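Reading through the structure tokens given below for one structure.
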Amino acid sequence: YSYLYATSGMIFNSPDETANFVFAQQFAGTGSFTIPFDAQANSGDIVHPRSVNILNSAFVPGSFLGLPFLLALFERIYPGLSLLIPSLLAVAGVLAYWGIIKRVFSSRIAFVSALLLYSLPQWWHFAAKGFLPNTAFLSLLLIGGYLLLKAHEVTISSKQQVGLSLLSGVTIAYALFIRPSEVVWVGPIFLILFIVYRKSLNLKNFLFIVIGGVIVGGGAVHLHQITFGGALNTGYTQYSSGSQFVEQGIGSKLLFLLFPFGVDSLQAIVNTFVYSFKLFWWQFLLISVGVVAFLNSSSTKRDHLVYVSILGGLIIYLGLYYGSWGISDDLDSHRISIGMSYVRYWLPLYLGLLPFMVFGIQAIVRRLLSEKREVVGILIAVTIVSVSHVFYVYLAKDNLREIKENVVNYNHTRQQIEEITNPDSVIISERNDKVFWPSRDVIHYQDQNFAFLKFVPDLLNARPVYWATILPRD
């Protein structure tokens with residue numbers, strides 16, 4: 001999982017990764033996420049890269065604070081350690097996933113599901129791009145869920161239960177600190193589990209879970225207050241313009257909170273199809289066989305019914321939530337690849353469906369081999385699937401080798417720019433701000449929006465300005 005960051009240096013493939021790295025370094029060095037600048041040298045507040053906001057003449061993160069804060073803590077312990085933390089979390093997340101699935105299904109299903117998860121292209125790809133928040137969020141959520149289950153085992157002492165409960169609350173709350181927007185589905189899942197299993201819950205353990213969550217929540221509120229000027233403000237708040245949200249009615253506000261990108265059922269269905277069957281067709285086929293096999297088993301175990309019900313609801317909700325959003329991560333809006341944001345946003349669904357992939361493999365093997373050879377057959381099948389995953393990670397569109405080559409080229413470009421420009425220079429770029437910043441300040445623009453140009457003459461009086469673009473070969 002550390003291949004990409006270990007071999008490509010301190011430059012990244014996306015503006016989100018770059019911003020998280022820069023602000024983690026800033027907090028590790030100064031104890032603050034804000035990066036002040038001279039307001040006179042930033043006319044119209046046009047000088048800033050993507051994933052960065054401007055507040056009170058300072059750069060602030062353009063996203064959530066949980067991940068850069070976590071990285072900063074480890075960076076303070078040992079410089080460079082932050083590059084390994086996302087990978088370590090991803091590995092720990094798989095182990096926690098194994099522990100959870102074992103309690104829902106069986107040891108065999110859990111073991112094979114965990115093996116598949118280690119090599120799952122979707123997980124591997126974004127674990128390697130760990131300065132994006134998705135695998136860290138999901139890993140901590142899985143770890144917290146596993147600790148919660150462990151805390152309610154009757155075989156451990158009361159002190160251990162309390163400690164695990166407290167740690168569970170801290171871990172789950174920190175996962176939501178990394179991705180607060182996911183509380184709209186994480187919260188209802190825990191509420192459902194609380195209702196279904198309320199008779200099994202220990203009140204004292206529950207109290208310490210809440211205490212752990214409050215500790216993290218209090219720290220998160222404080223960081224948001226001192227960074228963004230409001231406990232509920234985030235990097236996604238538009239500081240430069242008035243928000244229409246406060247003028248909306250209660251119904252509109254609720255709809256916006258549940259579906260901030262609107263609801264487009266047709267687009268959601270198309271995107272779900274593309275990023276399940278079309279992009280990962282072999283997984284889709286195995287999962288389909290597994291779902292049929294599971295339904296034919298007529299399982300009435302409560303844990304199974306709860307799992308399937310929650311997963312079904314999550315597929316519908318996240319399918320509409322993110323599928324309705326017209327995401328364009330690439331200049332080619334029709335490009336479909338593992339690196340698209342839909343894949344990382346739907347990681348919870350891919351992980352939730354993995355046990356059914358195992359059921360599918362198991363059903364196929366049972367059709368072809370005798371019962372005595374079933375275990376060997378399953379291991380062979382899993383090996384084949386895992387090898388195909390490895391090839392996909394390193395050979396498909398947006399594979400890790402291709403990203404590494406791009407990042408190495410970015411590094412060369414940055415070095416050339418640094419040689420011919422002064423440190424106070426500003427570079428105008430459509431999508432290459434991730435290449436130049438933070439060594440050079442940048443102005444980014446998108447979709448041929450040149451509104452910023454009216455501020456450039458004033459900027460030229462204070463700083464040298466360059467325009468970086470790619471010209472046609474002919």
Side-chain angles (χ1 to χ4, degrees), residues 12 14-37 45 48-79 81-86 88-89 130-141 143-144 166-184 186-187 208-240 243 245 257 260 437-438:
F12 304 90
S14 75
D16 288 354
E17 289 175 276
T18 302
N20 282 328
F21 172 76
V22 170
F23 285 110
Q25 296 291 317
Q26 175 71 8
F27 194 92
T30 67
S32 170
F33 283 115
T34 59
I35 304 177
F37 60 79
D45 285 348
H48 68 91
R50 289 171 292 172
S51 302
V52 173
N53 264 330
I54 290 178
L55 179 63
N56 299 329
S57 298
F59 295 133
V60 296
S63 57
F64 302 121
L65 299 181
L67 182 60
F69 180 71
L70 179 67
L71 297 173
L73 293 180
F74 285 97
E75 194 67 20
R76 280 191 168 186
I77 295 172
Y78 187 83
L81 184 59
S82 62
L83 293 172
L84 295 175
I85 295 306
L88 293 174
L89 277 177
F131 280 17
L132 295 174
N134 305 81
T135 53
F137 154 73
L138 204 48
S139 293
L140 286 171
L141 190 63
I143 293 168
L166 181 65
L167 193 55
S168 172
V170 168
T171 310
I172 293 170
Y174 203 95
L176 292 172
F177 182 27
I178 290 177
R179 291 278 300 167
S181 58
E182 311 291 357
V183 73
V184 293
V186 173
F208 277 93
I209 292 170
V210 173
I211 291 173
V214 170
I215 292 171
V216 174
V221 165
H222 175 68
L223 277 176
H224 278 259
Q225 180 68 49
I226 64 176
T227 303
F228 300 122
L232 299 180
N233 289 347
T234 73
Y236 294 103
T237 304
Q238 296 301 311
Y239 300 106
S240 59
S243 173
F245 182 75
L257 288 172
W437 191 74

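Computed from a predicted structure; not experimentally measured.
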Step-by-step side-chain contact (heavy atoms from CB on, under 4.5 Å) determination, Ser63 to Asp16: CA-CA 8 Å; Ser63 57; Asp16 288 354; 5.8 Å; no
Parallel, tilted or perpendicular: rings of Phe177 and Tyr174 (30°, 60°): perpendicular
Over all atoms of both residues, closest heavy-atom pair of Ile54 and His48: CD1-CD2, 3.7 Å
Side-chain donor/acceptor of Gln26 to backbone N/O of Thr34, under 3.5 Å: yes
Ile77 CD1: over 12 foreign heavy atoms closer than 6.0 Å: yes
Ile172 and Leu141: CA distance, side-chain angles, deciding distance, side-chain contact (heavy atoms from CB on, under 4.5 Å) verdict: CA-CA 5 Å; Ile172 293 170; Leu141 190 63; 4.2 Å; yes
Evaluation steps, side-chain contact (heavy atoms from CB on, under 4.5 Å), between Thr18 and Phe131: CA-CA 8 Å; Thr18 302; Phe131 280 17; over 6 Å; no
Gln225 side chain to Ala231 backbone, donor-acceptor under 3.5 Å: yes
Reported CG-to-CG distance for the pair Leu132 and Asn20, which is rounded to 0.5 angstrom: 7.5 Å
ring-ring contact (aromatic ring centres under 6.0 Å, His included) against Phe27, all qualifying residues, sequence neighbours excluded: Phe33, Phe69
Heavy-atom pair of closest approach, residues Pro133 and Arg179: CG-CD, 3.8 Å
Point-to-point distance, once rounded to the nearest 0.5 Å, from OG of Ser51 to CZ of Phe23: 9.5 Å
Nearest-0.5 Å distance that lies between atom CG in Leu70 and atom CG in Leu89: 6.5 Å
Phe74/Leu88 under side-chain contact (heavy atoms from CB on, under 4.5 Å): CA gap, chis, key distance, verdict: CA-CA 12 Å; Phe74 285 97; Leu88 293 174; over 6 Å; no
Rounded distance [0.5 Å steps], OG1 in Thr171 versus CG in Leu176: 11.0 Å
Nearest heavy-atom neighbours spanning Ser168 and Gly144: OG-O, 2.9 Å
Heavy-atom pair of closest approach, residues Ala24 and Ala72: O-CB, 3.3 Å
For Val170, the option from Ile209, Leu140, Val216 that meets side chain to side chain contact (heavy atoms under 4.5 Å, CB included): Val216
His224 (side chain) donor-acceptor with Leu232 (main chain) under 3.5 angstrom: no
With Phe64 via ring-ring contact (aromatic ring centres under 6.0 Å, His included) - residues at least two apart: Tyr236
Heavy-atom donor-acceptor pair, Ser57 side chain to Phe37 backbone, under 3.5 Å: no
Separation of Ile35 CD1 from Thr30 OG1 (nearest 0.5 Å): 8.0 Å
Nearest heavy atoms of Thr227 and Pro61, plus distance in Å: CG2-CD, 4.2 Å
Gap between atom CG of Asn53 and atom CZ of Phe59 - 0.5 Å precision: 11.0 Å
Leu83 versus Pro86, closest heavy-atom pair with distance: O-CD, 3.9 Å
Side-chain touch Val186/Phe137, heavy atoms, less than 4.5 angstrom: yes
